[in-house]
Asks: 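I have a structure here, written as structure tokens, and I will follow up with some questions on it.
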Amino acid sequence: MMIFDTLSGNEKQLEISAKVRMYICGVTVYDESHIGHARTIIVFDVIQRYLESIGTKVEIIVNFTDVDDKIINRAKKENVRSSAISSRYIQEYYDSFDGLNVKRAIKYPKATEHIQDILDLIQSLVNKKIAYASKNGVYFSVLKFPEYGKLSRKKVDELISGARVEVDETKKDPLDFALWKFSQDDPSWESPWGRGRPGWHIECSAMSLKYLGENFEIHGGGRDLIFPHHENEIAQSEAYTSKPVAQIWVHVGMVTIDGEKMSKSLGNTITVKNLLQNWGPNVIRLFCIGAHYSKPVDYSARLLKEHETNWNKARLAYHKLIQTEKEGTEMEGVDEKLSQLKEEFSKALEENLNTHMALSVFYRLVTFCLGNEGYLTKLDTQKIIPVFEEMMNILGLKIKKVSEEEKAHIKNLIKQRNTFREQKMYEESDAIRDKLAAKGIELKDEIQKTIWLKEEKKFKK
RNA sequence: GGUGAGGUGGCAGAGCGGUUAUGCGUGGGCCUGCAGAGCCUAUACAAGGGGGUUCGACUCCCUCCCUCACCUCCA
């Protein structure tokens with residue numbers, strides 16, 4: 001699979017040995033997750049699902065940054081401990097992303113649970129004289145790492161002259177960033193240099209090294225993390241190991257709203273929780289993979305609506321497939337069609353995760369099913385359904401299963417209802433329709449038959 | 001100012017040096033107890049402006065204009 005690597009600026013072949021290890025920078029848990037976070041996580045979820053579909057083992061680590069000024073400020077405001085804030089939003093995170101049908105990572109390490117690993121790493125950098133203790137904390141000496149700026153393509157002298165860097169007399173160089181900040185407040189820990197808490201970037205270096213080792217396959221996150229977060233992470237980790245952190249650095253484009261970046265600091269966020277209630281997981285996922293991951297996507301209700309229209313069509317096609325009872329021989333050309341679509345689907349994902357292209361292939365399958373509905377026999381649908389399900393699975397789309405027992409029950413009620421309809425006993429027939437609707441089964445009458453659809457379950461909390 | 005990405009039809013959004021993207025929307029038809037959906041069919045000067053390379057460019061090169069992101073916390 002080819003993936004664009006931010007560090008080299010080229011697409012690179014993902015070298016798959018025994019497994020693919022991915023470290024994704026998750027969220028700082030001081031507020032609810034929004035659609036921007038969702039996009040990033042879902043992009044990597046699709047990478048995982050695709051790789052697994054071709055038999056590759058994938059290990060994903062997603063971290064929680066649970067020590068941060070914003071968490072502390074929020075805790076002060078609410079007059080609770082910092083851990084109360086972070087655990088609340090960690091739970092929210094799980095609820096949101098489970099709701100989005102995102103596969104769980106093998107581990108969600110928290111900064112606060114890796115203080116010793118962080119201190120060990122800092123100690124080693126201090127020993128190497130790459131880091132130094134000062135009045136306010138322990139700092140990474142950027143000038144000691146000559147490759148600093150290689151990820152974000154920034155020149156050290158330009159960064160300095162940019163003058164945006166804070167003036168801090170206690171640092172040797174304005175660009176130096178904190179590995180450890182001295183503080184007595186909650187939360188804080190003892191360290192050889194003084195009580196305090198870790199700086200922002202060091203936890204990712206410590207935890208990725210701990211769980212994935214040196215030079216793992218993919219390191220990812222949102223585009224906005226390129227600088228300074230990932231740049232600093234590279235500096236810390238590589239100064240320590242002298243090896244590249246990862247083979248491929250993948251960065252996901254921003255979600256914008258009215259053309260402007262959505263971010264917590266701008267206050268224009270749309271939370272996952274809110275979207276799940278209004279649109280359900282599949283539509284949100286379609287939004288997240290509807291454009292190429294490297295580009296920004298502009299959020300709008302109109303766009304969501306469009307994805308919902310498409311998704312409803314896919315759902316209908318799927319329900320029709322599983323309700324096909326037509327006997328007879330196979331329709332001509334089905335095998336060819338399926339193998340062609342399968343191939344195009346994989347090819348799209350192989351080429352830098354072109355999910356939009358993959359999606360268009362999926363919709364072609366949908367259109368094929370709906371357009372040939374009258375011709376497809378049960379034998380055909382038995383071949384189509386696995387392909388349909390495989391594509392949905394890779395994209396993380398999901399249609400609720402209905403038990404055989406329930407199917408038989410529905411079928412029976414439909415039969416009863418159609419008898420009433422034949423006799424023009426519409427009150428009785430409508431009553432059956434209402435009864436099923438109350439159970440989340442929607443009926444659609446067609447010329448020869450009646451199709452049922454399982455309603456999308458929206459997120460309830 | 002620096003760095004990076006990008007400007008495609010009413011909208012969303014891909015690929016590709018010469019052939020229909022795909023979808024939404026829109027028009028017409030079919031179907032229809034109601035409801036909903038679907039099917040068929042039609043529909044898009046498409047390429048930010050200006051040069052150039054080429055037999056031929058949306059696709060390559062140059063230039064200008066514009067947008068966005070990052071350069072401070074941010075997925």
Side-chain angles (χ1 to χ4, degrees), chain A residues 4 6 9 24-28 30-31 33-44 62 65 68-70 149 152-155 157-159 161-166 200 220-229 231 251-256 259-266 269 286-288 290-292 294-298 300 302-310 312-313 315-317 319-320 344 347-348 351 354-364 366-367 369-374 420-422 424-427 429-430 433-434 437 442-448 451 453:
Chain A
F4 185 85
T6 309
I24 314 304
C25 284
V27 293
T28 301
Y30 73 98
D31 208 344
S33 298
H34 59 70
I35 180 72
H37 303 121
R39 169 139 105 132
T40 299
I41 298 294
I42 285 170
V43 163
F44 291 101
V62 178
T65 298
D68 175 88
D69 289 350
K70 285 180 180 146
S152 55
R153 285 157 222 282
K154 293 188 189 308
K155 295 197 173 59
D157 47 342
E158 283 171 1
L159 279 169
S161 64
R164 286 269 195 104
V165 284
E166 61 183 297
W200 176 30
R223 278 208 103 73
D224 54 353
L225 293 184
I226 294 173
F227 191 91
H229 186 56
E231 192 70 60
H251 290 99
V252 178
M254 297 293 101
V255 174
T256 61
E260 216 183 16
K261 180 181 160 188
M262 182 181 291
S263 78
K264 289 189 267 200
S265 46
L266 288 173
T269 60
L286 288 170
F287 169 81
C288 291
H292 190 86
S294 63
K295 292 189 180 179
V297 195
D298 200 49
S300 69
R302 186 185 165 162
L303 187 52
L304 270 281
K305 182 77 201 148
E306 187 178 321
H307 287 298
E308 188 176 55
T309 303
N310 287 328
N312 283 336
K313 217 161 151 177
R315 279 174 63 222
L316 178 68
H319 282 95
K320 284 188 170 185
E344 285 186 49
K347 201 175 151 222
E351 290 171 4
N354 192 337
T355 49
H356 188 272
M357 182 70 106
L359 213 46
S360 80
V361 175
F362 174 62
Y363 288 137
R364 268 159 57 203
V366 168
T367 306
C369 295
L370 292 173
N372 293 287
E373 196 199 339
F420 285 129
R421 289 175 70 216
E422 278 163 28
K424 298 196 191 300
M425 294 166 73
Y426 295 124
E427 265 180 42
S429 71
D430 286 353
R433 184 164 63 192
D434 292 345
E442 187 189 353
L443 297 186
K444 291 180 189 294
D445 293 324
E446 310 221 326
I447 315 157
Q448 309 269 354
I451 294 290
L453 278 93

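Reckoned from all heavy atoms, side chains included, excluding hydrogens, waters and symmetry mates. Here is how names work: the chains are called A, B, and so on, in the same order as the sequence lines, proteins then strands, and each is numbered from 1. Not measured: the values here are computed from a predicted model.
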Asks: NA contact type, A:Asp224, heavy-atom cut-off 4.0 Å: base, sugar-phosphate, or nothing?
Replies: base
Asks: With heavy atoms under 4.0 Å as the rule, sort A:Lys155 into base, sugar-phosphate or nothing.
Replies: nothing
Asks: How is A:Gly259 classified with respect to the nucleic acid when contacts are heavy atoms under 4.0 Å: base, sugar-phosphate, or nothing?
Replies: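 A:Gly259: backbone/sugar contact only, no base atoms under 4.0 Å.
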Asks: Provide, to the nearest angstrom, the distance between the CZ atom belonging to A:Phe227 and the P atom belonging to B:rA75.
Replies: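 So the CZ-P distance, A:Phe227 to B:rA75, works out to 17 Å.
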Asks: Give A:His34 one of three labels, base, sugar-phosphate or nothing, depending on what nucleic acid heavy atoms sit under 4.0 Å from its own.
Replies: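 Counting heavy atoms under 4.0 Å across all strands, the contact made by A:His34 includes a base.
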Asks: Give one of base, sugar-phosphate or nothing for A:Val361, where a contact means two heavy atoms less than 4.0 Å apart.
Replies: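 Nothing: the residue A:Val361, judged by heavy atoms under 4.0 Å, touches no strand.
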Asks: With a 4.0 Å cut-off on heavy atoms, is A:Gly221 in touch with a base, just the backbone sugar-phosphate, or nothing at all?
Replies: sugar-phosphate
Asks: A:Val27 near the nucleic acid: base, sugar-phosphate alone, or nothing, with a heavy-atom cut-off under 4.0 Å?
Replies: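 The answer is sugar-phosphate, as A:Val27 gets under 4.0 Å only of primed atoms, P, OP1 or OP2.
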Asks: When all nucleic acid strands are considered with a 4.0 Å heavy-atom cut-off, which category describes A:Gly374: base, sugar-phosphate, or nothing?
Replies: nothing
Asks: Sticking with atom P, work out how far B:rA47 lies from B:rG9, rounded to a whole angstrom.
Replies: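 These two P atoms come out 8 Å apart once rounded.
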Asks: Could you write nucleotides 26-36 of chain B as a row of B, S and -, 5' to 3', where a protein heavy atom under 4.0 Å of any base atom gives B, of only sugar-phosphate atoms gives S, and otherwise -?
Replies: -----S-BBBB
Asks: With sugar-phosphate meaning primed atoms plus P, OP1 and OP2, does A:Ile226 contact a base, only sugar-phosphate, or nothing at under 4.0 Å between heavy atoms?
Replies: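 Since no nucleic acid heavy atom lies under 4.0 Å of A:Ile226, the category is nothing.
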Asks: Base, sugar-phosphate, or nothing for A:Ser152, non-hydrogen atoms under 4.0 angstrom?
Replies: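 Counting heavy atoms under 4.0 Å across all strands, the contact made by A:Ser152 is with sugar-phosphate only.
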Asks: If pairs are Watson-Crick or G-U with both distances under 3.5 Å, what is the dot-bracket string of RNA chain B, marking crossing pairs with [ ] and pairs to another strand with |?
Replies: (((((((..(((.....[...)))((((((.......))))))....(((((..]....))))))))))))....
Asks: Once salt bridge (Lys or Arg N to Asp or Glu O under 4.0 Å) is applied, do any residues pair with A:Lys444, and if so which ones, sequence neighbours excluded?
Replies: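 Here the qualifying residues are A:Glu442.
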Asks: Please classify the nucleic acid contact of A:Lys313 as base, sugar-phosphate, or nothing, using heavy-atom distances under 4.0 Å.
Replies: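 A:Lys313: backbone/sugar contact only, no base atoms under 4.0 Å.
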Asks: Is any side-chain N or O of A:Lys70 under 3.5 Å from a base N or O of B:rC73, one able to act as donor and the other as acceptor?
Replies: yes
Asks: Does any N or O donor sit under 3.5 Å from an N or O acceptor when you compare the side chain of A:Glu306 with the base of B:rG23?
Replies: yes
